[in-house]
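Have a look at the structure below, then the notes.
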Amino acid sequence: NIRESKMAMLLYSVLLLLVPTFTFASAASKPHILLIVGDDMGWSNAGWHNNNTLTPNMNNIIKTEGIELDRHYVFYYCSPTRSSLMSGRLPAHVSENNAYACTNEGATPRNMTILPGKLKMAGYSTHHVGKWHLGQVHNASVPASRGFDTSFGYLGGAEDHYQNTNGGCGDCGEKVDLWRNNGPAIGENGTGYMAYKYNKEILSILDTHDQAFPIFVYLALQCAHAPNEADKYGDLYNDPYTQDFAQYNGMISAIDDVVGNVTTKLKSNGMWENTLLVFTSDNGGPSAKSVSGSAANNYPLRGGKHTAWEGGHRVLAWVSGGLIPSSMYGMKLEGYIHGCDWYATFCHLAGVDPTDNAVGMPPVDSINVWDYVTGVNTTSPRNELLLSTAYSDHARNAKPGQNGSAALIVGQYKLVRFPQQYCFWMGPLYPNASTTHANENGCDCGREGCLFDIFNDPGEHRDLSSVLPYVAGQLRARAEELDRTSIEYIKGPGWRDTTNPPSSNHDPKLACKLADTEYHGFWGPERYP
């Protein structure tokens, strides 16, 4: 019985979440931690990189009380980055598959302890607002079952910014994707632009938080993911900007407004001085017509979302908050940081061990970067970045013009292998009146790979593989070695489905039936517990 199973899971979750409250007497001394993730943000769609985009709040934060993280890397699209952030693993060791949240392959393995679970061990209050995209087939995969005290947002990867609808998990038309805690957010859908609603939600969380305890908030904003809907913020961009430019960059300005409101609230509530705020995009911006959105600008970097060029993997990121020493304000750190590194860093600040001995799973890859971002050390602890492997779903099946490839950075050199969906460069103002999306063909670096010196050629214009064959060979050998550490290689393609009994897999007909009956027109979990 679904209702009885739901009640059992809810009771179990409540008992689990109560345990840390009685265990950690010193919780109040721990810092507040906010992780804000923007969606599909282009490298050049930020005022601190290009004054065509209006982001006054973030510009000021970085300049006067923050640090720009100039070489912050994640996966080249959405769900793998989020799995990496939450699990502390490199995407290769948790998921390189951007499958729908309503398939088992779209879920972060449920036996991994993700960030809210770790921070609950240290007495944190934990809250999720916005996008999830980390699993919904099983009720055990939704935010409220993964360690979050509260959750408000959508379970899938994209939806309408006003109506909260998407095609979801079955062949029965569009349903609503909006979930609050353990059930559909009935009555809250279709009631306004979601950037405003997520803004209201996080401000309410901060206002009602008991400051006797530290708080962790994961704010995963819907902007600037397609559909490109900017509400009033589109009006900020008139001539000579095109409508495509206005709607996409308007969503960036909406992000900026939310960030400004959050920082103001933290200060007015007396929380700022004991806060670390980390901001990152989940991947580079979608620039080609073949990628939904297609209006982001990654200038001067090459490519964008769905590609292993710098425009896909290297993203906008910064840190701020009272925990950052004032001597670091306004600095730009050039050392490597991977998104997964925040797992160990947050655990360090919370005083918990980042080790996660999930049975049958790769260990945590996260490296604590706290001494680097606070200036104790002048160099990053990272010199190597495994960005994507040959065993990601897209790299295995890629052909020229399709998304998917693999990339590895060692020192100043980067090796890119296999086909790329698109390979062009943008200009300072993109898209513009002359943008036609006509010459966006893919290209292929092959199994041997293309080699770039990304310190001296960040735009990846010159392939050095024939000039520096020894370096290219060394990186290729290392990349092939690391390929064999991929969770997809070790367990085999589709392992999330094949290792579960068929009765636990995604069933589109069941998803539609539950949406129409149990969930009142909303998408939701199919399997309990």
Any side-chain donor near an acceptor of the partner, [X] and [Y], under 3.5 Å:
X: Tyr77; Y: Glu96; result: no
X: Tyr248; Y: Asp40; result: no
X: Asp160; Y: Asn166; result: no
X: Tyr233; Y: Asp256; result: no
X: Ser151; Y: His128; result: yes

*Apply salt bridge (Lys or Arg N to Asp or Glu O under 4.0 Å) to the pair Asp356 and Arg89, showing each step before the final yes or no.*
CA-CA 10 Å; Asp356 179 29; Arg89 274 89 169 171; 2.9 Å; yes

Close side-chain approach of [X] to [Y], heavy-atom, < 4.5 Å:
X: Ile215; Y: Ile205; value: yes
X: Pro286; Y: His306; value: no
X: Thr108; Y: Met86; value: no
X: Trp309; Y: Ser405; value: no
X: Trp318; Y: Leu277; value: yes
X: Met112; Y: Val364; value: no

Which atoms form the tightest heavy-atom contact between [X] and [Y], and what is the distance?
X: Pro143; Y: Leu155; answer: CD-CD2, 3.9 Å
X: Tyr76; Y: Ser388; answer: CE2-OG, 3.6 Å
X: Met251; Y: Glu229; answer: CG-O, 3.4 Å

*Mind checking whether Trp43 and His49 have parallel, tilted or perpendicular rings, split at 30° and 60°?*
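Trp43 and His49: tilted rings.
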
*Which of parallel (below 30°), tilted (30 to 60°) and perpendicular (above 60°) describes Tyr241 and Tyr237?*
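Correct class here is perpendicular.
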
*In sequence, state the C-alpha distance, the side-chain angles, and the governing distance for Glu440 and Ser290, and then conclude on side chain to side chain donor-acceptor pair (under 3.5 Å).*
CA-CA 9 Å; Glu440 299 179 349; Ser290 57; 5.4 Å; no

_Any residue meeting disulfide bond (SG atoms under 2.5 Å apart) with Cys512, in chain and number order, not counting sequence neighbours_ =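 Disulfide bond (SG atoms under 2.5 Å apart) list for Cys512, sorted by chain: Cys172.
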
*Residue that, paired with Asp39, satisfies side chain to side chain donor-acceptor pair (under 3.5 Å) out of Lys131, Gln222, His133*: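 Exactly one option meets the side chain to side chain donor-acceptor pair (under 3.5 Å) with Asp39, and it is Lys131.
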
*How about Tyr193 and His161: are their ring centroids closer than 6.0 Å?*
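Here the rings of His161 and Tyr193 have centres that are less than 6.0 Å from each other.
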
*Might you work through the side chain to side chain contact (heavy atoms under 4.5 Å, CB included) test for His93 and Cys340, ending with a clear yes or no?*
CA-CA 11 Å; His93 300 150; Cys340 75; over 6 Å; no

